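The structure appears right after this line, and notes come after that.
Just so we're clear, the structure is a prediction, and the values are computed from it rather than from any experiment. Residue numbers start from 1 in every chain, and the chains themselves are labelled A, B, ... in the order their sequence lines are given, proteins ahead of strands.
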Amino acid sequence: MARTYHGTNYTPPDHYAKVTGRARYAEDWRADGMLFAKCMLSPMPHCRVRGKIDATAALAMPGVHAILTQEDLPEHDPLDETCVTNEPLFEGQAILAVAADSEWIAADAIEKIKVDLEPLPFALDPLDSLRPGGPNARRDGNVIVRDTPSEPGKPPKNVVKEQKWTADAFAAAGGARLPDGEAHVEWAIGDVGKGFEEADFVIDRPLYHQSNTHHPLEPRSCMAYWQGGKLFLYPSTQSITITHAVTAASLGVQPQDYVLICEFCGGGFGSKIIGTVNMPIPALLAKKTGRPVMHRVSRYEENYMGRARTGFQAQAKMGFRKDGRLVALDLYLVQDNGPYSIQSDMNSAGAVASLSYQPVNMRFRAVSVLTNTPPRFAQRAPGGAQITAMLEPLLDAAAEKLGVDRLEMRRINAPDSSSKFDGNQGPLTSALVREAIDKTKTLVDWDNVKKLSRQKKGTKVTGVGVALSSYTAGALGFDGLMVLRPDGKLELHTGVGNLGTHSFSDTARTAAEVLDFPWEKVELIWGNTSKGLPWTSVQAGSMTTHSATRAIHAASMDLKKKLQEIAAKDLGGSPDAYEVSNERVHRKGAPGSGMTLAKAAERAIALGGKFDGHELPEDINPYTKGGAQVVVGKGAVGVAKDNYERAGSIYSFVVGFARVEIDTETGDVEIMDYAAVTDCGRVMNPRSLAAQLHGGAIQGFGMALGQKWIFDPQWGQSFTHRFYSARPPSILDVPSVLKADFVNVPDPHTPVGAKGIGEPPIGAGEAALVCAISDALGGHQFGRTPIMLDMILNALEGRPDYYQPFTTLT
Amino acid sequence: MELIQRTSNPWGQEVLVRISWDLFFIALAAGALFCIIHLVLRPRWLKREAAAAKAPAGFVSGSGAASGAGSERVVRHGLTARLFHGVMAIAMIVLLLTGFLPKVGIQFGQWLTLHWIFGVVLIASIVFHMIHATFFLRLRDILIGPRDVKEWFQEIRYMLGGSTPPAKPGKYPVDHKMYHAAVTVAGFAAMITGVLMMFRIDTPIFARNPYLYTDSTWGWIYVLHGVGGVLLVALTITHVYFAILPEKRWITRSMIKGWVTRGELVAHHDPARWDPGNADDRAAAAAKIARESA
Amino acid sequence: MSMIRDMMPGFELFQPATAQDAVALLERYGDDAWALAGGLDTFDWLKDRIKRPRAVVDLGAIESLRGVRAAAGGGLEIGAMTTLTEVSRDASVKESYALLAKAAGLVATPQIRNQGTIGGNVCQDTRCWYYRGGWPCYRAGGNICYADTPASMNREHCVFGASRCVAVNPSDTAGALVALDASMVVLGRGGEKVVKAEEFFIGPAVDITRMTVLRPGEMLTAIRLPAEWAGAHYYFEKARDRQSWDFALVSVAAAMKVEGGTVRDVRLVANSVAPYPMRLKAAEAQVRGKTVDERVAQSAGDIAVRGARPLHQNSFKVPLMRNLVRRAVREATATTTA
């Protein structure tokens with residue numbers, strides 16, 4: 001390939017719109033006659049509407065057009081969260097929505113609506129709910145389990161059940177460790193009991209990881225209108241095609257009668273993977289009123305309508321051999337699931353623990369408990385970040401006890417490309433963790449910097465910490481779609497959502513590489529389902545870079561093959577005799593021969609059939625077939641499904657390093673230095689990759705250090721619903737220079753060699769910081785996050801804390 | 001005007017907060033109005049009483065009606081009773097001032113501490129009074145019986161111009177008994193709720209626990225406390241008013257110095273119903289004096 | 001607590017050009033009026049529909065309320081509507097009252113300091129989240145403190161000066177002003193009155209619904225810094241959870257006059273530990289007239305926290321305050337004037 005695009009910095013095609021403010025995010029849209037919707041939010045953590053909602057006075061107000069209540073919604077599973085509900089399961093859940101000429105009127109109208117709410121029992125703390133007589137978050141139970149159906153072939157179903165652990169189990173645990181109650185998920189590798197027998201050092205700790213709101217910068221506003229029986233929806237969503245396909249039902253339409261437009265998304269961190277729960281509000285109100293409706297979501301509302309990471313109350317027992325090798329890991333997680341669908345953070349946590357530390361023997365148990373707190377959903381490395389931040393400090397404790405260098409400790413237990421992991425002991429595609437550790441060692445000058453550990457200067461004491469974070473990094477089997485037009489431009493249709501990571505355009509550059517085509521002449525079509533988009537993975541779970549490069553590679557190869565065939569048809573010889581480069585399809589070794597691609601595109605139209613998209617491959621997704629209709633007859637069409645083989649799960653790895661200074665008189669932590677080194681296969685876009693490594697780390701710093709969920713236990717209401725009270729870190733909380741390096745070795749199981757990178761940076765940042773704080777405090781470990789100033793000061797002063805190991809409400 | 005302040009609890013349910021402070025001004029006004037009306041009608045009643053006093057000697061029955069014996073001092077309130085009354089009165093005044101002054105704009109940071117401390121003093125004095133009155137005084141002197149009710153109607157009829165003067169009372173005339181009953185009710189309302197309200201503030205007595213009761217129960221507790229408080233404002237005003245009236249000065253003196261003259265006794269009381277000169281009463285009084293001087 | 005939030009209800013907006021007009025408006029509307037300075041306290045309340053004034057009096061157009069000028073009897077006068085950025089960067093403030101410049105420069109974020117005013121910063125309401133969440137607590141006219149129950153979330157609340165309400169004064173500049181013995185110029189119905197900063201802030205024991213002596217119909221127009229404390233030795237520190245955009249967990253402000261190594265006079269103030277900036281007189285007495293050494297600093301810190309009554313989550317404020325007072329005593333003597 002003459003042209004190399006991957007691995008170089010460039011200006012993505014959305015850049016100018018973003019910096020000039022021309023980019024339109026969900027709430028920037030306007031339409032003639034547009035109404036505004038506002039929601040009435042539940043003040044109670046669990047209640048139900050008694051009797052009828054009386055909106056007479058509100059609807060009589062001038063400028064008020066319609067009200068949306070649960071009765072107006074299309075049919076849905078009673079287990080599902082809906083955009084408005086008669087039985088709110090958390091404080092801040094929408095009960096109803098009103099459409100009016102302005103938000104001002106809508107808000108006044110909501111105050112005039114009479115709703116009689118009956119308070120119901122509520123649960124905020126999972127362990128508390130598992131106690132005999134403890135409160136249940138839902139009327140039908142307190143835990144959610146994935147039931148394997150008795151009939152084969154049927155998909156597993158989520159079921160709510162009531163589960164209480166015995167009083168004896170609680171009494172035996174005594175509050176200092178997790179009770180040994182019944183689990184819903186359980187698997188083992190080897191024999192964990194035997195593993196502990198072999199161990200020279202065993203560490204057994206109660207651990208707690210809090211839940212965290214996603215808090216993307218752009219709240220989930222959404223505008224909708226109906227035209228000619230079609231719904232036009234302008235949401236804020238991470239993914240495009242899957243959002244489009246999956247959410248149609250909740251909007252009461254068929255995908256073909258529904259256009260979704262989202263060219264810019266101000267971040268989601270997992271909270272907007274397949275659209276947002278409030279999307280039906282403007283859609284259904286627009287249908288009711290016959291006018292466009294905008295539902296702007298404020299920061300306060302985002303805290304509730306948004307999503308949150310699950311929290312864990314856990315017990316971790318780790319057995320190490322003298323040389324530092326982890327021979328046994330016994331892990332029990334109680335997952336704070338929120339009130340709705342079951343979250344797989346716990347499963348991912350088990351997988352990540354078994355991958356990152358390669359325990360010779362392992363037992364994993366978990367139970368997912370419902371609580372009346374904002375709904376959970378995948379958040380950047382769901383499960384992975386939590387377990388990394390929980391277990392990495394224990395590795396440090398073992399390293400200290402056994403006299404092993406901490407970076408060496410990670411290397412000793414690290415996976416490599418031949419490693420197996422998870423309950424089923426599946427293979428990996430590649431894992432260059434040791435290479436990443438080596439690069440970290442050089443980047444941070446480990447041998448010298450570790451000497452600063454626990455050094456005091458005045459009232460400041462230094463701590464250094466390292467952490468290894470891993471997470472899944474790619475899906476497969478999706479489609480690519482592009483058309484080479486007679487004007488010589490390559491129109492690339494991508495289903496990748498533009499959620500701010502550049503993956504939507506990074507992956508498109510694969511086509512320019514495969515076709516040796518100038519990137520400047522690639523026109524990228526994205527973010528609008530009416531423009532013809534191929535079936536694409538979700539923009540989540542670090543799947544995009546891997547899955548979209550594969551699919552676009554496949555479609556590019558398809559186009560290349562067609563161009564070669566066209567050349568062969570017109571100029572004779574076999575297609576194999578031709579190659580594509582420099583905007584020509586020409587005989588191999590004769591760049592000036594053959595024809596221009598513009599000409600080839602014309603020829604494709606003339607040839608029709610598969611060449612211009614009139615005939616489409618059988619194996620592509622029906623969704624792509626629909627999308628491809630837009631490009632039919634427009635030029636030479638490249639369209640294909642990613643059928644590339646891949647043997648093994650694909651994971652990316654990040655090694656994080658943090659150096660902190662703690663003020664021993666105030667407990668204040670200052671982050672002095674942070675570095676991240678990754679193995680994520682071939683580097684696509686170095687600048688963007690560094691931004692992922694550092695942005696993720698900063699988010700992790702927040703989880704480690706200051707971002708906290710705070711609820712009043714008596715009333716079940718939260719206080720951390722604004723940025724200043726939720727305290728995510730700002731750019732002023734981190735060093736001005738953050739370091740990064742990349743292993744940059746292509747993954748051999750994918751044509752472009754790229755693995756995703758969105759997820760693992762957060763766990764690396766969080767865990768490295770937790771480890772550095774612990775180091776500065778002479779190895780004192782809190783066993784919980786976030787580590788706030790009061791905890792550090794109390795530790796320094798030798799004063800007792802007010803919380804117990806599993807206290808969730810702090 | 002609203003009588004009770006209401007609000008929404010964190011769940012949006014309506015709850016009571018306390019009485020409206022307007023009720024304080026209403027109580028002040030009611031107390032003042034009572035005094036004014038009494039002042040207006042007073043000359044008329046005084047005239048009638050004076051006329052009654054000039055009635056034939058036979059009207060003043062019982063022993064020792066002679067003028068010589070009239071200046072003899074008879075114990076009406078023992079020292080213990082007077083000390084109790086003094087302590088209770090000081091506590092009540094401090095409680096009313098600390099309770100209401102900040103609400104009319106006279107703010108001082110010590111009001112709450114003074115308020116609860118004097119609340120404790122008041123409660124202690126009342127508990128003492130109850131024991132003392134039950135075991136060392138004649139409880140029936142203060143209790144309202146059917147005869148009291150009858151006499152009260154009689155008195156009202158007389159005050160409104162009826163010709164039959166009311167029968168003379170025992171130790172306490174019926175209006176005093178009724179005042180006592182009203183103070184008891186208002187006082188207990190304020191005291192019982194006041195004790196509970198101490199769970200909402202920091203005192204060395206109880207561990208603070210604002211969630212001891214549901215918020216609607218708390219609302220009622222605050223309302224009752226306020227109702228008791230404003231009733232006591234009105235009752236205190238009228239009490240002080242009567243205490244400073246010249247024709248009632250002998251009673252006031254008896255509450256300060258303890259004694260009345262035999263003449264005052266026979267003029268205002270029915271010795272058949274209460275006679276500190278009688279053997280029973282005298283013995284009790286003597287015993288008390290002995291105790292007090294010991 | 002939510003039913004509908006984040007949408008301001010209607011009100012009448014006044015934008016008077018003079019302080020007298022502003023006071024006349026505030027007086028006319030009494031309890032229904034709201035004085036608007038930088039808006040950083042105000043808009044939370046209004047957007048959440050918790051405080052619902054009928055009239056908002058925007059002080060932004062009153063020129064006389066802006067700027068730093070020399071005061072008549074020496075010292076400086078700072079208009080209440082001077083932004084925190086201006087205060088923190090003003091040459092004369094930095095030269096003579098670096099304590100205030102430092103405190104103003106540590107408020108929130110650069111953007112908030114550009115918008116927020118010194119007057120607004122000292123008059124701001126408490127940040128107790130129960131109260132600001134619209135819970136009907138004592139401060140909101142109710143009959144309960146939700147923050148002081150056996151299970152409340154009160155890590156940020158007070159360790160001194162509680163009276164039913166346990167909220168703290170959140171202002172960074174308030175402590176500095178008390179340490180500088182500043183005077184607050186209050187304009188009201190009866191004309192202008194001048195109140196010492198120390199008396200300007202009141203606790204819930206006096207009035208549970210207000211943070212300052214300002215009554216409806218009154219407004220703060222200026223702050224006067226006395227010449228007496230110009231160029232003294234200063235120390236200010238703010239301990240917080242996040243290094244930007246966070247309120248203090250504890251802040252200390254110290255002003256000292258040192259002659260020949262001996263502390264001739266000193267004012268020590270801690271804030272965010274009580275419902276008002278708290279003068280630490282006992283600690284001052286410990287330092288006054290002494291040559292500061294580690295022993296004096298230690299004992300000043302110990303004395304400062306005597307009588308602290310922590311709530312169940314905030315006992316850490318005691319050592320934090322103690323350490324900050326020690327440090328203030330230690331460092332203030334070490335700093336050079338100006």
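Contact annotation for Asp108(A): both backbone and side-chain heavy atoms come within less than 4.5 Å of a heavy atom of chain C. Residue Ile731(A) does not touch chain C at all, counting heavy-atom pairs closer than 4.5 Å. If you measure heavy-atom distances from Arg727(A) to chain C, the contacts under 4.5 Å come from both the backbone and the side chain. Of the atoms belonging to Phe711(A), it is backbone heavy atoms, and not side-chain ones, that fall under 4.5 Å from chain C. Only the side chain of Asn794(A) comes within less than 4.5 Å of a heavy atom in chain C; its backbone stays farther off. With a 4.5 angstrom heavy-atom cutoff, Pro728(A) touches chain C via backbone and side-chain atoms both. Heavy atoms closer than 4.5 Å to chain A are found nowhere in Arg326(C), neither backbone nor side chain.
Here Ser315(C) is the residue among Ala108(C), Pro110(C), Ser315(C) with the most heavy-atom pairs under 4.5 Å with chain A. Between chain C and the options Leu732(A), Asp712(A), Ile710(A), Ile110(A), heavy-atom pairs under 4.5 Å are most frequent for Asp712(A). The choice from Arg722(A), Gln714(A), Met791(A), Arg299(A) that makes the most heavy-atom pairs within less than 4.5 Å of chain C is Arg722(A). For the set Asp663(A), Asp801(A), Ile95(A), the count of heavy-atom pairs under 4.5 angstrom toward chain C peaks at Asp663(A). By number of non-hydrogen pairs under 4.5 angstrom with chain A, the leading residue of Ala239(C), Pro9(C), Ser152(C) is Pro9(C).
Using a cutoff of 4.0 Å between basic side-chain nitrogens and carboxylate oxygens, Asp241(C) and Arg155(C) are scored as salt-bridged. Using a 4.0 Å cut-off between charged nitrogen and carboxylate oxygen, Arg52(C) and Glu111(A) count as a salt-bridge pair.
The aromatic rings of Trp129(C) and Phe719(A) lie parallel to each other, with less than 30° between the two planes, well short of the 60° mark.
The aromatic ring centroids of His233(C) and Tyr235(C) lie 6.0 Å or more from each other. The ring of Tyr130(C) has its center no closer than 6.0 angstrom to the ring center of Trp715(A).
Remark: Arg164(C) qualifies as a cation-pi partner of Tyr138(C) under the 6.0 Å distance and 45° angle criteria applied to the six-membered ring.
At a cut-off of 3.5 Å, with distance as the only test, no side-chain donor of Glu665(A) or Thr459(A) sits close to an acceptor on the other residue. Residues Asn212(A) and Gln699(A) bring no donor and acceptor atom of their side chains to less than 3.5 Å of each other.
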